[in-house]
Amino acid sequence: MSKTSQQNTTTDASGVSVIHTQAHSSGLQQVPQLVPVSPGGGGKAVPPSKQGKKNSFVDRNSDEYRQRRERNNMAVKKSRLKSKQKAQDTLQRVNQLKEENERLEAKIKLLTKELSVLKDLFLEHAHNFADNVQPVGTETATTNPENSGQ
């Protein structure tokens, strides 16, 4: 089996070289390969549907052109207004959240102080309670000194 192949190179109107490779002894199908003409690669590939539009002449005085420009200008205005409105809405929301955050932080400080005061009161009360209340076994011994000597 011989593995020699044959290549044919053609260049189309858009400047893209197409290399056709055909293997003689294999049953493989021929697959075209797209290769840019310039060595650096040089840009985007343009689909065939848009290639014709690039070269077509546009009459800037025609009604169709003016209508397209007017529609485009209106679409651009609408898009810019929408973008501006979205930015304003975002800024308003940021300000609302900042205010809410400040309120919540103030509430946290207040509740922390209140907790501290209540904790101190509880500890003072618990300390006083512990000083005033004696265990059951020691209370009977101190109340009946006569029985302890016998």
Side-chain angles (χ1 to χ4, degrees), residues 1-139 142:
M1 285 174 95
S2 166
K3 290 194 176 188
T4 61
S5 63
Q6 184 179 24
Q7 291 186 350
N8 295 331
T9 304
T10 58
T11 304
D12 65 1
S14 65
V16 175
S17 295
V18 179
I19 301 174
H20 299 281
T21 307
Q22 183 177 18
H24 290 293
S25 61
S26 67
L28 298 176
Q29 292 182 340
Q30 181 179 358
V31 178
Q33 298 173 344
L34 296 178
V35 178
V37 175
S38 62
K44 293 183 179 179
V46 180
S49 63
K50 295 199 176 191
Q51 286 176 354
K53 291 183 181 180
K54 203 173 196 181
N55 296 332
S56 66
F57 175 73
V58 177
D59 182 14
R60 294 179 184 237
N61 295 325
S62 71
D63 288 337
E64 180 188 352
Y65 176 78
R66 278 189 261 130
Q67 287 175 351
R68 280 190 290 151
R69 290 303 317 143
E70 189 175 324
R71 279 199 314 263
N72 181 261
N73 290 342
M74 287 173 32
V76 168
K77 263 186 202 175
K78 184 178 176 183
S79 174
R80 288 179 182 158
L81 283 173
K82 188 176 178 182
S83 176
K84 190 175 182 180
Q85 183 64 43
K86 187 175 180 181
Q88 288 175 347
D89 291 346
T90 302
L91 185 62
Q92 184 179 5
R93 180 74 174 139
V94 166
N95 289 334
Q96 287 175 347
L97 291 173
K98 281 182 180 179
E99 289 175 7
E100 183 181 359
N101 193 31
E102 289 173 2
R103 281 195 309 271
L104 290 172
E105 285 178 358
K107 189 173 183 177
I108 287 171
K109 283 183 181 179
L110 179 68
L111 290 173
T112 304
K113 284 182 183 178
E114 186 177 342
L115 176 66
S116 178
V117 168
L118 291 173
K119 193 175 185 181
D120 290 343
L121 284 172
F122 175 76
L123 290 175
E124 184 181 330
H125 179 71
H127 181 69
N128 288 340
F129 184 73
D131 288 345
N132 291 336
V133 175
Q134 296 177 352
V136 175
T138 59
E139 186 178 317
T142 57

Under 3.5 Å, sequence neighbours excluded: what are the donor-acceptor pairs made by side chains of residues 57-68?
{"residue": "Asp59", "atom": "OD1", "partner": "Asn61", "partner atom": "N", "Å": "3.3"}
{"residue": "Ser62", "atom": "OG", "partner": "Asp59", "partner atom": "O", "Å": "3.0"}
{"residue": "Ser62", "atom": "OG", "partner": "Tyr65", "partner atom": "N", "Å": "3.1"}
{"residue": "Asp63", "atom": "OD1", "partner": "Arg66", "partner atom": "NH1", "Å": "3.4"}
{"residue": "Asp63", "atom": "OD1", "partner": "Arg66", "partner atom": "NH2", "Å": "3.1"}
{"residue": "Arg66", "atom": "NH2", "partner": "Asn61", "partner atom": "O", "Å": "2.7"}

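- The CD1 atom of Ile108 sits 13.5 Å away from the NZ atom of Lys113 when rounded to the nearest 0.5 Å.
- Within the 4.5 Å cutoff, the side chain of Asn73 has no heavy atoms near those of the Lys77 side chain.
- Atom CG of Leu118 sits about 11.0 Å away from atom CG of Leu123, to the nearest 0.5 Å.
- The 12-atom threshold is not exceeded at CD of Glu70, counting heavy atoms of other residues, nucleotides or ligands nearer than 6.0 Å.
- Atom CG in Asp131 sits 4.0 Å away from atom NE2 in His127 (nearest 0.5 Å).
- Residue Lys107 holds its NZ atom at 11.0 Å from CD of Glu114, rounded to the nearest 0.5 Å.
- No donor-acceptor pair closer than 3.5 Å links the side chain of Ser83 to the backbone N or O of Ser79.
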message: Evaluate Gln85 against Asp89 for side chain to side chain donor-acceptor pair (under 3.5 Å), listing each step before the verdict.
response: CA-CA 6 Å; Gln85 183 64 43; Asp89 291 346; 2.9 Å; yes
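- Put simply, the side chain of Thr90 gets close to the backbone of Lys86: a donor and an acceptor are under 3.5 Å apart.
- Two residues are said to be in side-chain contact when any heavy atoms from C-beta on lie closer than 4.5 Å; Lys84 and Gln88 meet this criterion.
- One distance of note links CG of Leu97 with CD of Gln92; it measures 11.0 Å at 0.5 Å rounding.
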